[in-house]
Amino acid sequence: MAGGSVARVLVDSPLPQLDQLFDYAVPERFREAARAGVRVRVPLRSGGRIANGWLVELVGTSEYEGRLSELEDVVSEVPLLMPEVWALARAAADRAAGNAGDILRVAIPSRYVRAERAWRAAEPDAGELPARAAPIPGYESGRFEAGIDAGERMSLAADPRPVRLGSGEWVGAWAAILAAAAAHTLAADRSSLIIVPDYRDQEQLQAALADLLDPRRVLRTDARQTGGERFRAFLDATGSDARVIIGNRSTVYAPAARLGLIAMWDDGDGLQNEQLAPGVHPRDAALIRQEQSGAALVFLGHTRSVEVERLVEIGWVHDVPAVKQVKPRVIPTEHQAAPEPGSARIPSSAWRAAQQAIREGPVLVQVARPGHAPLLTCDRCREPARCAACGGALVVPRSGGDPRCVLCGTSASTWKCPVCEGTKLRAATVGASRTAEELGRAFPAARVILSDGERPVLRVGGEPALVVATRGAEPIADGGYRAVLLLDGERMLLRESLRVAEDCLRWWSNAAALASPGSPVYLVGVAGALANALTSWRQAEWASGELASRRALRFPPAVRVASVTAAPALVARALTAAQAAADGVDALGPVPADEGLERAIVRFDYSAGAAVARALRAEMITVSTERRRPVTGRPPKRPSVLRVRFDDPDVP
DNA sequence: AGCACGCCGACT
DNA sequence: GTCGGCGTGCTC
């Protein structure tokens, strides 16, 4: 047989036992079209149904003993699955005991025939490469560039200021830093992948890139494009020209010619969490891809995620310090016992500063998102209810029960209003619009701009305005805000999550970075270590302390975790298998879950990860294969499944 | 998931 | 004797 006459195919199927390559003969009529990376259709179960699949590679001979079936069809001759992306998908899936096909669904957009035809008709035109790029601002001269050239893994703190581009547009300095890094990489004729949490960040990054590069060199892939546009950008990325590819978390899997740099902005942002199975975080995918490709890897943020802190502490990622420590002027502010009239929520010092600042330019007020647990106020006089012990805000826990203090957790089963002596509490749901209304009265002369999740505002001008924004939806202001008020810190801290402190520090830091240099940033109603971390702008130090406490508790990311959900007997068997796979594997639970199922958490060291994943994967296949077994009783027709999820950011 | 194979009970 | 129940196992 001639070389390359056997096609190795990954079949589209959710079944774990089909997550392997199947060999097919290539009939003569497909000899030209059947190239590695094309979409194919293949018969599965002789004469039975036809399945879609990816032609992963062509080999000379098959190891398979039986007779090979033939490829049924080649869907398109255009290869979409690059060999290095296949290697990445396989490794990412294995790490999470998932299907490679599921990763590919995230990695490769669906086909649009029109877009494909237009692409084939077009001449490749990526524009000029940049000449020797300008230095990357903010770091020791040549340090960042040398790291990129050497394929180093780096964690960097971003300059927390807005900067003005040559076009006149204002963006966060981080965007200019990443654009300069991409330009440096492109000047060496190598591609970059830049991953950002959402399109608002992407807009800034794109503006910064447009300042430095031929726009034809920049490809964007995001959910706001039409399917055809997405597919076209993807096809362009498969070409042999070096590019800068920007987009959300799926961009980590993008095809790229001669990859030189993978960069992530704000890896701790919850929007980076992959929702689709098997839920591999793009940070982990980037780490795999870095190792496989030798490209440089950069984590840039105003805060450092605990995950990256761990990588820094084990020496896998290098901390690259900023050359001069620029930091916002953060002023922690306690709640006032007697607030200014007309504004129940803003302490007087911050209120005065805001009034002063708004004469000169925009002022940002950050509030919590609706959906956070409501604060409690006195039912009679509307005075916010505070903890008798420490003065923190009182809230009703989401799980129900007595009100308790956000800060110290003290339960307040009996409460008496210090102002009017009322004893009844009421829930005060304060949304952004209500806050805006309230502030509008306090600042009657000011224009009020509201930006929230539903109607986000991307940017505001440099003229005076009161900008009320829910966290994460803060617009960038031309020239920076003249004052920033972080108003709902207490309420944000209430979220019942292991990561709540880390998240709050990131939300506050990202908002503080929107202030113009020297302008005051008021953190209202929060004290303690977290407030100190913001004030001193030492987020990495805080992450280090947080990691230490997670280590003491054996919580992620100090260890890895996998959740296992199934019928009780299957969970028990899976736990046994996982614990037999490596030393030091322990389990939490099982606890009852929905529909008579149970859920358990397996914890293990990073060194045991591969063995645990392999063991749980084998269990999944066993369960899926021996399905419909009569479980000592009634005939439960439902197919039995073992659900396994690794490194779920929302677990424990 | 589908689908075929196969080894028991009730049928024209 | 055969038709078909669904339990079991495989998919190049």
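This structure is a prediction, so every number in the text was calculated from the model and none was measured. Atoms considered below: every heavy atom in the structure, side chains included; atoms not considered: hydrogens, waters and symmetry mates. Each chain gets a letter, A, B and so on, in the order its sequence line appears, and its residues count up from 1.
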Query raised in the report: For A:Asp222 and A:Gln202, does a side-chain donor sit closer than 3.5 Å to a side-chain acceptor?
Result: yes

Query - Any donor-acceptor N/O pair, A:Glu229 side chain to A:Thr226 backbone, under 3.5 Å - result: yes

Report task. Round to the nearest Å and state the distance from A:Leu55 atom CG to C:dC12 atom C1'. Result -> 13 Å

Report task. Please state how far atom CD1 in A:Ile621 lies from atom P in C:dT11, giving the value in whole angstrom units. Result -> 14 Å

Requested in this report: Using atom CG of A:Leu44 as one end and atom C1' of B:dA1 as the other, report the distance to the nearest whole Å.
Outcome: 10 Å

Query raised in the report: What is the distance, rounded to the nearest whole Å, between atom CG of A:Leu18 and atom P of C:dG9?
Result: 16 Å

Query raised in the report: To the side chain of A:Arg45, which of B:dA1, C:dC12, C:dC10 is closest?
Result: C:dC10

Query raised in the report: Is A:Tyr64 stacked on the base of C:dC12, with ring centres under 5.5 Å apart and planes under 30° apart?
Result: yes

Query raised in the report: Which value, rounded to the nearest 0.5 Å, describes the distance between A:Ile262 atom CD1 and A:Ile245 atom CD1?
Result: 11.0 Å

Query raised in the report: Using 4.0 Å as the upper bound for N to carboxylate O, is an ion pair formed by A:Glu546 and A:Arg304?
Result: no

**Report entry** Atom-to-atom span, CD of A:Gln20 to P of C:dC10 - whole angstrom
**Finding:** 12 Å

Report summary line: In whole angstroms, the gap separating P of C:dC12 from CG of A:Leu15 amounts to 14 Å

Query raised in the report: A:Glu70 has an atom CD; how far is it from atom P of C:dC12, in whole Å?
Result: 13 Å

Query raised in the report: Rounded to the Å, how far apart are A:Asp12 CG and B:dG2 C1'?
Result: 16 Å

